[in-house]
Amino acid sequence: MSESGPVDPRDVRERVLRGGPAKYHEANAARGKLFVRDRIRYLVDPDSFVEDGLFANALAADLPADAVVTGTATIDGRPVALMANDSTVKAGSWGARTVEKIIRIIEYAVRCGLPLVYLVDSAGARIPDQVAMFPGRRGAGHIFYSQVRASGAVPQVCALFGPSAAGGAYIPAFCDLVVMVEGNASMYLGSDRMVEMVTGEKTSLEEMGGARMHCAESGVGHLLVGDEYAALDAVRRYLSYLPSNWREEPPSAPPRDPEPVDLGALVPANERVAFDMKAFIRGLVDAGSFFEIHPLWAREIVVGFARLAGQVIGVVANNPLHKGGVLFVDSADKATRFINLCDAFNVPLLFLADVPGFMVGTAVEKQGIIRHGAKMLTAVAEATVPKFCVVVRKAYGAGLYAMAGPGFAPDATLALPTAKIAVMGAEAAVNAVHARRLAAIADEAERARVAAQLRADYAADIDIVRLASELVVDDIVEPAALRMQLIERLARTRGKNRAFADRRHGVAPV
Ligand SMILES: CCC(=O)SCCNC(=O)CCNC(=O)[C@H](O)C(C)(C)COP(=O)(O)OP(=O)(O)OC[C@H]1O[C@@H](n2cnc3c(N)ncnc32)[C@H](O)[C@@H]1OP(=O)(O)O
């Protein structure tokens, strides 16, 4: 009731649908930012959006929908739940009702088994409203609690269009995938002004929390895109690989032939010569189906979704073009996260190994390479989805374990005919065992001859046929036959028993 009588809901609806003041619409447009309702319109199927809480804080004229739009819709005919900040209203900040709306949509999505889409553009907590929204049982903290509880139950994907400040930065952080728009999206715990006040450091939002930094350096962002349409396209594409919730299977698609790539010719026998593992992937999976996640971060490992004869798989592949495919702290984290994601949502895993092992040296030991490596091994060991290890060229040391080698219960370990599996490469092995003996040979030519003989003996010892005869690998597969063999093996594992150990959960080396 206003002073002049009851408020007409139609007037309120009309006002709310317009969002905040014109100056913020104009400022957004000048930065290539869409109005929140246009983002939703572009993302979802026509006329499918059903909104909840449009009247939140309706009696306050300057807080339409309390700065967040929530509801359900369909994308490609499949239902989703979504929340979308309205940055034209108090910079998309969260008041008490904003928070309640976000919590409700998360709870609804979990109850109904629907993917959650977060379209984020927010200043975080609404500072003057904090007693109402911050500390209570259904305050801002409960958003993150709810997201954690929803994790692995339903897919959670975030497109970040503007700031995601302070506590607000955790909404993306708890999502399975974060898409960031270059130039506009940012994530940070303290603004540049706050950082200068606390530490004296002069920085900018872009430098400290910009989209490129997060997608290429921190790894908090997964995909860097040029504009908002590309971000929304990426959200739609991501969801096309995932089931609606953990009880369902990923959606299949009509099978397609792969790109015409001669897989055998692509992989040089000389392991010192790099090759493009992404081309190998494209030559193996259905054409156009490879959707890479984290392409700019920790590029020595490649992860992404693809389809084999229409069925969704997750690919984890070493990338010899970057740092020789050696595993580092970040590459282990990147793979761990992706393996967990696939396992949560019933996506079979294909490991393509060309890995010299984990990096060694003071720098990585100080970064905790053992802990990070163990984390990746934990994820591989705990993944109960069908998993296949293909040794494309080599798998040395703990690299073999990390790529789901035979000790990690893969459903098959396959090797190309030129593949090598060993504790380490021949040169390193000869050096490890025979360094003193070789150093004692004064004549340089004789030393080289003995070293070459030792390397040849070592190579014979790890010959792939010998390893197959010892049942280390299940088959040696010609490159041209690999795709068909994987398709057949994938089909056989559909009824795999995925029961895991009887316990609450492990204590992962995070
Ligand atoms: C859970 C714990 C937390 O989340 S603590 C979160 C604390 N948040 C922050 O420190 C962010 C503060 N805000 C900012 O840095 C900027 O507003 C950002 C987000 C970068 C957006 O800048 P810009 O697009 O230039 O907008 P602006 O500053 O002109 O603000 C537009 C209107 O929104 C308001 N606003 C902004 N932030 C908040 C906030 N956190 N709480 C309440 N109101 C906020 C501004 O006062 C301004 O309001 P008005 O339209 O002039 O009435």
Side-chain angles (χ1 to χ4, degrees), residues 15-16 18-36 39 56-57 60-69 83-103 106 118-148 158-175 180-199 201-211 213-214 220 228:
R15 173 171 58 75
V16 168
R18 287 197 298 270
K23 63 179 178 178
Y24 294 129
H25 286 269
E26 285 154 19
N28 278 349
R31 303 197 64 166
K33 292 174 69 174
L34 295 169
F35 177 43
V36 60
R39 288 175 183 153
N57 238 342
D62 61 344
L63 290 167
D66 212 30
V68 70
V69 180
M83 69 118 259
N85 303 117
D86 183 352
S87 63
T88 67
V89 181
K90 303 287 176 200
S93 58
W94 308 345
R97 294 167 188 84
T98 326
V99 169
E100 179 60 26
K101 284 174 72 173
I102 297 172
I103 294 169
I106 297 173
Y118 302 83
L119 305 183
V120 173
D121 189 356
S122 167
R126 189 171 300 149
I127 295 164
D129 203 10
Q130 59 179 299
V131 175
M133 59 68 63
F134 184 66
R137 281 184 172 262
R138 288 181 75 84
H142 203 68
I143 295 178
F144 312 132
Y145 170 88
S146 307
Q147 276 194 287
V148 172
C158 169
L160 190 46
F161 303 103
S164 179
Y170 286 107
I171 283 199
F174 289 120
C175 285
M180 297 185 75
V181 179
E182 184 152 33
N184 282 342
S186 59
M187 251 187 285
Y188 47 88
L189 292 186
S191 69
D192 45 356
R193 281 200 299 267
M194 182 189 280
V195 167
E196 186 171 359
M197 193 182 79
V198 173
T199 70
E201 181 193 1
K202 285 191 196 309
T203 183
S204 65
L205 293 189
E206 191 57 30
E207 181 191 15
M208 180 179 56
M213 190 288 287
H214 277 306
V220 183
E228 299 207 353

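Quick note: numbers below take in every heavy atom, side chains included, and nothing from hydrogens, waters or symmetry partners. Remember, it's 1-based here, ligands and their atoms both numbered in the order they're listed. These figures come from a predicted structure and were not determined experimentally.
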Residue that, paired with Asn85, satisfies side-chain contact (heavy atoms from CB on, under 4.5 Å) out of Ser164, Ser122, Pro163
Ser122
Only one of Val181, Asn184, Val36 clears side-chain contact (heavy atoms from CB on, under 4.5 Å) with Phe161; which?
Val181
Any protein heavy atom lying closer than 4.0 Å to [atom]?
atom                    : answer
atom 46 (O) of ligand 1 : no
atom 22 (O) of ligand 1 : no
atom 37 (N) of ligand 1 : yes
atom 27 (P) of ligand 1 : no
atom 14 (C) of ligand 1 : no

Against heavy atoms of Gly124, which atoms of ligand 1 measure under 4.0 Å?
4 (O)
Of all the atoms in ligand 1, which lie at a distance below 4.0 Å from a heavy atom belonging to Ala166?
3 (C), 4 (O), 5 (S), 6 (C)
Between [X] (side chain only) and [Y] (backbone N and O only), is there a donor and an acceptor less than 3.5 Å apart?
X      : Y     : result
Arg97  : Ala56 : no
Glu228 : Leu34 : yes
Lys90  : Leu63 : no
His25  : Arg18 : yes

Report yes if the side chains of Val195 and Tyr188 come closer than 4.5 Å at any heavy-atom pair, otherwise no.
no
Between Asp66 and Thr98, do the side chains contain an N or O donor and an N or O acceptor separated by less than 3.5 Å?
yes
Polar contact flag, side-chain donor to acceptor under 3.5 angstrom, Thr88-Asn28
no
Among protein heavy atoms, which sits nearest to [atom], and what does the distance come to when rounded to 0.1 Å?
atom                    : answer
atom 10 (O) of ligand 1 : Ile127 CD1, 4.4 Å
atom 40 (N) of ligand 1 : Ala125 O, 2.9 Å
atom 18 (C) of ligand 1 : Pro163 CG, 4.4 Å
atom 43 (N) of ligand 1 : Ser93 OG, 4.0 Å
atom 42 (C) of ligand 1 : Arg126 CG, 3.5 Å
atom 20 (C) of ligand 1 : Tyr188 OH, 3.8 Å
atom 8 (N) of ligand 1  : Ala123 O, 2.8 Å

Evaluation steps, side-chain contact (heavy atoms from CB on, under 4.5 Å), between Leu189 and Tyr170:
CA-CA 9 Å; Leu189 292 186; Tyr170 286 107; 3.9 Å; yes
Under a 4.0 Å N-O cut-off, is there an ion pair linking Glu100 with Arg138?
yes
For atom 35 (N) of ligand 1, which of Arg193, Lys90, Met194 has the closest heavy atom?
Lys90
Using heavy atoms and a threshold below 4.0 Å, how should the contact between Ser87 and ligand 1 be classified: side chain, backbone, both, or neither?
neither
Side chain, backbone, both or neither: the part of Ala91 lying under 4.0 Å from ligand 1 by heavy atom:
both
Non-hydrogen atom of Tyr24 closer than 4.0 Å to ligand 1:
yes
